[in-house]
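These figures come from a predicted structure and were not determined experimentally. In what follows, residues are counted from 1 in the order of the sequence shown.
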Amino acid sequence: RTLSEVRLAAGKQRRERLAVAALVDELAAAGILYSGERQIRFTVEPVDPTLTVDADPQLLTSAVMNLLQNAFKHTPAGRAVVLRAQARDDRLLVEIEDECGGLPESTGDLFQPFGDRRGTDRSSLGLGLSIARKAVRAHTGDILVRNMPGKGCVFAIDVPLAAEAAGAPLIV
């Protein structure tokens, strides 16, 4: 997180053509470790192998990992977290769906650093969502949140798919 924050503040990005399926595979490997530790069912939905994005791999990975870590942290043992990536028109949506019970009504701005949304939870500084949003916005995207009261929530990273460019190198 710190490295991402420093690179974002300095305006340093290293964009590459990335295969979304390979990115999700890497994220899934880390997610399996978190889910096993927390006794949470973790599902990764299949990804279209033709999907690509032009992105800074470290920043995009950091953004998704922040959302996954939050999902695992707030989902009780025995419940589920799902990771999916899909195209919607010319956009990529990377969704993390959890079973945290939903967001409280008085959450405020989820992306405000050091916010009061943590309540009595002091196991982190409350910077993850703020850093994730900055990283995604650096890719001309945003993070969308869908609350499902009583069930959970879905955090979705929305970034442009790669424009078809002849001869662009593909990082897998």
Side-chain angles (χ1 to χ4, degrees), residues 1-35 42 44-75 81-98 100 103 109-115 117-118 123-146 153-165 167-172:
R1 288 181 187 169
T2 303
L3 181 57
S4 293
E5 182 71 12
V6 169
R7 290 186 61 213
L8 286 165
K12 301 288 183 190
Q13 291 186 44
R14 191 188 80 236
R15 297 235 178 178
E16 301 172 4
R17 178 72 43 101
L18 303 173
V20 175
L23 178 69
V24 169
D25 285 346
E26 288 180 32
L27 294 162
I32 289 168
L33 295 175
Y34 281 103
S35 65
F42 180 50
V44 180
E45 293 186 359
V47 177
D48 178 345
T50 65
L51 295 180
T52 59
V53 292
D54 291 324
D56 182 308
Q58 192 265 326
L59 291 178
L60 190 56
T61 299
S62 174
V64 178
M65 279 308 302
N66 273 314
L67 299 180
L68 272 173
Q69 288 169 343
N70 278 349
F72 291 127
K73 178 179 176 180
H74 296 288
T75 298
V81 170
V82 178
L83 172 63
R84 68 180 69 88
Q86 58 197 354
R88 186 168 297 153
D89 299 320
D90 61 345
R91 310 289 293 180
L92 171 69
L93 290 180
V94 179
E95 296 181 331
I96 295 91
E97 181 175 339
D98 64 35
C100 68
L103 299 170
D109 182 1
L110 294 172
F111 300 96
Q112 183 67 33
F114 306 109
R117 69 189 171 279
R118 297 179 297 151
S123 60
S124 68
L125 294 174
L127 294 172
L129 289 176
S130 176
I131 293 170
R133 177 179 257 176
K134 286 178 188 174
V136 172
R137 286 185 171 173
H139 291 88
T140 64
D142 209 349
I143 299 178
L144 313 168
V145 182
R146 187 172 76 240
C153 52
V154 179
F155 282 78
I157 291 175
D158 176 356
V159 293
L161 286 166
E164 294 305 313
L170 178 64
I171 307 298
V172 290

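- What you find for Ala21 and Pro49 is that their closest heavy atoms are CB-CA, 4.3 Å.
- Tyr34 and Phe42 have their aromatic ring centers separated by at least 6.0 angstrom.
- Checking side-chain atoms of Asp89 against main-chain N and O of Arg91 turns up no donor-acceptor pair under 3.5 Å.
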Exercise for the section: Dump the intermediate steps for side chain to side chain contact (heavy atoms under 4.5 Å, CB included) on Asn70 and Phe155, then the final yes or no. Expected result: CA-CA 10 Å; Asn70 278 349; Phe155 282 78; over 6 Å; no
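- No side-chain heavy atom of Ser35 sits less than 4.5 Å from a side-chain heavy atom of Val81.
- One finds the OG1 atom of Thr52 at 7.0 Å from the CG atom of Leu161 (value rounded to the nearest 0.5 Å).
- Closest of all the heavy-atom pairs between Val136 and Ala63 is CG2-CB, 3.8 Å.
- Atom-to-atom distance recorded for Ile131:CD1 and Met65:CE is 14.0 Å, nearest 0.5 angstrom.
- Side-chain contact between Glu45 and Glu95: absent, with no pair of heavy atoms (C-beta onward) separated by less than 4.5 Å.
- Looking at Arg14 and Pro57, their side chains come closer than 4.5 Å, going by heavy atoms from C-beta outward.
- What you find for Leu83 and Ala28 is that their closest heavy atoms are CD2-N, 4.5 Å.
- The minimum heavy-atom distance linking Val53 with Pro160 is given by the pair CG1-O, 3.7 Å.
- The CD1 atom of Ile143 sits 5.0 Å away from the CD1 atom of Ile157 when rounded to the nearest 0.5 Å.
- The two residues Leu92 and Ala85 have their closest heavy-atom pair at CD1-CB, 4.2 Å.
- Between Leu60 and the options Leu23, Leu27, Val94, a side chain to side chain contact (heavy atoms under 4.5 Å, CB included) holds for only Leu23.
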Problem - Derivation of the side chain to side chain contact (heavy atoms under 4.5 Å, CB included) call for Asp158 and Asp142 - result: CA-CA 5 Å; Asp158 176 356; Asp142 209 349; 5.5 Å; no
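- Rounding to the nearest 0.5 Å places CD1 of Ile96 at 9.5 Å from CZ of Arg84.
- One finds the CD atom of Glu97 at 13.5 Å from the CG atom of Leu67 (value rounded to the nearest 0.5 Å).
- Ion pairing of Asp54 with Arg17 is present here, as a side-chain N (NZ or NE/NH1/NH2) and a carboxylate O approach within less than 4.0 Å.
- Separation of atoms CG (Asp98) and NE2 (His74) is listed at 8.5 Å; rounding is to 0.5 Å.
- The residue from Thr50, Leu51, Asp25, Asp48 that alone fulfils the side chain to side chain contact (heavy atoms under 4.5 Å, CB included) condition with Val20 is Leu51.
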